[in-house]
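Note that this is a predicted model, so its numbers are computed, not measured.
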Amino acid sequence: MKKTDTLYRLEVAPLLILPLTRSPFFSYTSSVPVPFGSLVSVSFGSQTVEGIVSDCQVLPGKKPLWMKSISRVIEPSFLTPTQLALALRISEEYFTPLGRTLKHFLPKRAKERSRPNASSPNRKVLRATKQEQRLLTLFAQKASHTPHFLDTSALPEPKRILALIAKATASEKKQTLIIVPEIILTFSLASFFASYFAPEHAAVLHSKLSDGHFTTLWERIRSGEATVIIATRQGLFAPFHNLGTIIVTEEQDESYKQWDMSPRYHGKRVAQWLCDLTAARLLLTSSTPSVATLYGIRTKAIVPLEPLVDHEPLLPKLSIVNLKLERYHKNFSPLSETLALALRDAVDRGEQALLYINRQGMNAFSVCEKCKEVFRCKMCDHPLTSTREGHFRCVSCGYTTSLFPNCPTCGHLTFRHVGFGTERIEKEVRKLMRTARVARLDGTALKAPKVLQATVSAGRNHEIDILIGTQMILKDPPLPKLSLIAMIDADSVLLFPDFQADERLFRDLSRAVGQVASQAKGRVFVQTFRPEGAFFQKIAGKKSLAVLEHFLSERTDLSYPPLYRFLAISCQGKSEKEAGNRRQKTGNREEEKSFFPAGLRTIHD
């Protein structure tokens, strides 16, 4: 950047949380032209902050006295025009300051330590079958502006079609982004792709990588060297060189929605916007399509490559265990006698079992024995769960108490634990089957990627007999001899205050039945206190598409998504009174009255 007597006016978006009512861009000057997307350091009030340059023009006339100069250019052309345009769209759609949104597009800059060269096995030749070639041709012929859907339940190996699409896209000198909902799914997908793509042409992105390795992969994507990118939803913010295809696997998964921090975006919507900006093709895949996808197909907003598979009724394939009878027979263990016997038989036959519970920790929540208040997280108000070590942990934000805390309301030291989680199930299984090889995979395991990867490898090598975990393990369980899947507490899914609870349980059970179908003695157990409940009546005698149509009909009658969108509005204050006044003031606006319920909950400082 050559210095001249000419001054340049820069429009800079500071990386700060600013009010949405004002422009996110501020004017600065520079004695040299600064490229679009450059990361710069600027003075903002009494502090020095980083910002992104969105425009650079020659400053006509003299420099105004109020206009400051940038401090320095940290990284020229750090963001691409597509990245900034996508950040602006997300900021506007999800009511999030642009400065906060841009931080998702800026990896921590660090140099990677020297890494051993990855082994380069002989590459396999990937040849398409007649069915796969037909799908490739159909996908190539469809219009790029419309999302497409592929039901993978009819494919013997769904990963093959993903690799074939990536190969075809690479032959056009373009990149393919494959999005997965969970980090655990990147391992098996990356292992499969390693047989067909050289290491330098593939990148695996997720939040548990070291800063240096993440930066290295980020730059390989920017240069175009990486033609296949396997990533969690974080990969949507990468600086693509020439993006040609986006594939969203497990499109029905709620993990694509960011719930815990702003912007609270949905990965599928952002993928569609990214395709609009880059003219890339979008393919949604799943073996258990969502109600939203069915509605999109019915309204022609989504184009299926093949008709959806209509599976046989689910109920006859399930072994439903009535937990009320277990309690009547004085069995208060989370494992019913029927399930315990089936577990022993499966392990004795040299097969593997998967136990699914929708909660981490030792229990669902804890209640003070004196004042009967639920012990909640002081940071986010989520119920705390106890651990084997004596701490209480928040599975939402990660907050952990000290050892043996007291009740914040009355100071009492004793709590009554309600329900059970993955750690409690693990404890019960180890007590029941002392010689079985037992492992657990849940959100805690994600904090240690090496442990997570080691557990996955152990499962694939049949070094694990019983695997216990949350929903993440249902999608692609690393158990080649899996013959038994048990849902320990189906009621925890059904009774969750979410209009999608029925659909979620139906998908989980459908997937479980499909995963044990290849085993002669494959069984799926469902433990519930309500075997006569409405859910089991809904799915009785109905094929899969009829069940989804029933769910869609219910949402149509109630004006629920996907026909309409929900909007959550929160009012915050330093005290309950202040927050209540703000809610009342906002809710009194005639056009917004229908948005606000009367309830108010305090989040403790």
Side-chain angles (χ1 to χ4, degrees), residues 181-182 184 253-255 318-323 326-327 331-340 342-343 346 352-366 382-388 392-396 417-433 436 438-446 452 455 459 464-479 482 484-498 501-502 504-513 515-516 523-531 535:
E182 303 274 6
I184 190 173
D253 201 283
E254 59 267 21
S255 297
L318 305 176
S319 298
I320 299 177
V321 179
N322 189 342
L323 291 180
E326 294 292 321
R327 300 299 182 263
N331 177 20
F332 297 99
S333 167
L335 306 178
S336 63
E337 293 181 2
T338 306
L339 176 57
L343 278 174
Q352 295 170 297
L354 186 155
L355 305 183
Y356 163 62
I357 178 73
N358 200 35
R359 300 189 194 95
Q360 302 177 43
M362 292 291 289
N363 57 284
F365 59 92
S366 299
H382 195 281
L384 295 171
T385 62
S386 63
T387 66
R388 288 179 296 180
F392 285 78
R393 184 178 67 246
C394 177
V395 298
S396 178
H417 305 309
V418 181
F420 34 81
T422 51
E423 293 181 32
R424 169 77 186 282
I425 302 300
E426 181 185 13
K427 181 180 177 181
E428 292 287 335
V429 171
R430 291 187 184 278
K431 185 194 303 182
L432 178 70
M433 306 179 66
V438 181
R440 173 169 54 88
L441 275 181
D442 53 24
T444 305
L446 290 177
L452 174 61
T455 305
I464 294 174
D465 296 319
I466 302 173
L467 182 62
I468 302 160
T470 51
Q471 191 180 13
M472 70 170 79
I473 63 172
L474 280 177
K475 302 178 181 73
D476 187 15
L479 304 173
L482 180 63
L484 187 154
I485 297 178
M487 181 166 288
I488 302 297
D489 183 13
D491 300 323
S492 67
V493 180
L494 282 175
L495 299 179
F496 192 77
D498 184 355
D502 284 3
R504 186 177 298 117
L505 181 59
F506 179 71
R507 286 200 309 259
D508 290 346
L509 294 177
S510 299
R511 184 178 296 275
V513 167
Q515 286 164 347
V516 300
R523 300 180 70 184
V524 176
F525 289 85
V526 184
Q527 297 191 154
T528 174
F529 283 97
R530 303 177 64 198
F535 170 79

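Among all heavy-atom pairs drawn from Asn331 and Ser336, the shortest one is ND2-CA, 3.7 Å. The minimum heavy-atom distance between Met433 and Ile466, with the atom names listed, is SD-CD1, 3.7 Å. The two residues Gly421 and Ile357 come nearest to each other via the heavy atoms C-CG2, 4.1 Å. Across every non-hydrogen atom of Ala353 and Leu479, the tightest pair is O-CD1, 3.8 Å. Here the closest heavy-atom approach between residue Gly459 and residue Ile464 is recorded as N-CD1, 3.7 Å.
Between Arg424 and Glu428 a salt bridge is recorded (basic side-chain N to carboxylate O distance below 4.0 Å).
Ile485 contributes atom CD1, which lies 10.0 Å from atom CG of Leu509 (distance to the nearest 0.5 angstrom). Between Gln471 atom CD and Asp253 atom CG the span is 5.5 Å, to the nearest 0.5 Å. For the atom pair Tyr356 OH and Ile488 CD1, the distance stands at 11.0 Å (nearest 0.5 Å). Once rounded to the nearest 0.5 Å, the distance linking CG of Leu354 with CD1 of Ile473 reads 3.5 Å. Remark: Asp489 CG to Leu323 CG distance equals 7.5 Å, nearest 0.5 Å.
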Under the side chain to side chain contact (heavy atoms under 4.5 Å, CB included) criterion, do Leu505 and Val526 qualify, and how do the steps go? CA-CA 10 Å; Leu505 181 59; Val526 184; 5.7 Å; no

Step by step, would you call Phe535 with Val493 a side chain to side chain contact (heavy atoms under 4.5 Å, CB included)? CA-CA 11 Å; Phe535 170 79; Val493 180; over 6 Å; no

Output, in order, the C-alpha distance, side-chain angles, deciding distance and verdict of side chain to side chain contact (heavy atoms under 4.5 Å, CB included) for Arg327 and Phe332. CA-CA 6 Å; Arg327 300 299 182 263; Phe332 297 99; 3.5 Å; yes

Go through the steps for Glu182 and Ser255 under the test side-chain hydrogen bond (donor to acceptor under 3.5 Å, both in side chains), then give the verdict. CA-CA 7 Å; Glu182 303 274 6; Ser255 297; 3.1 Å; yes

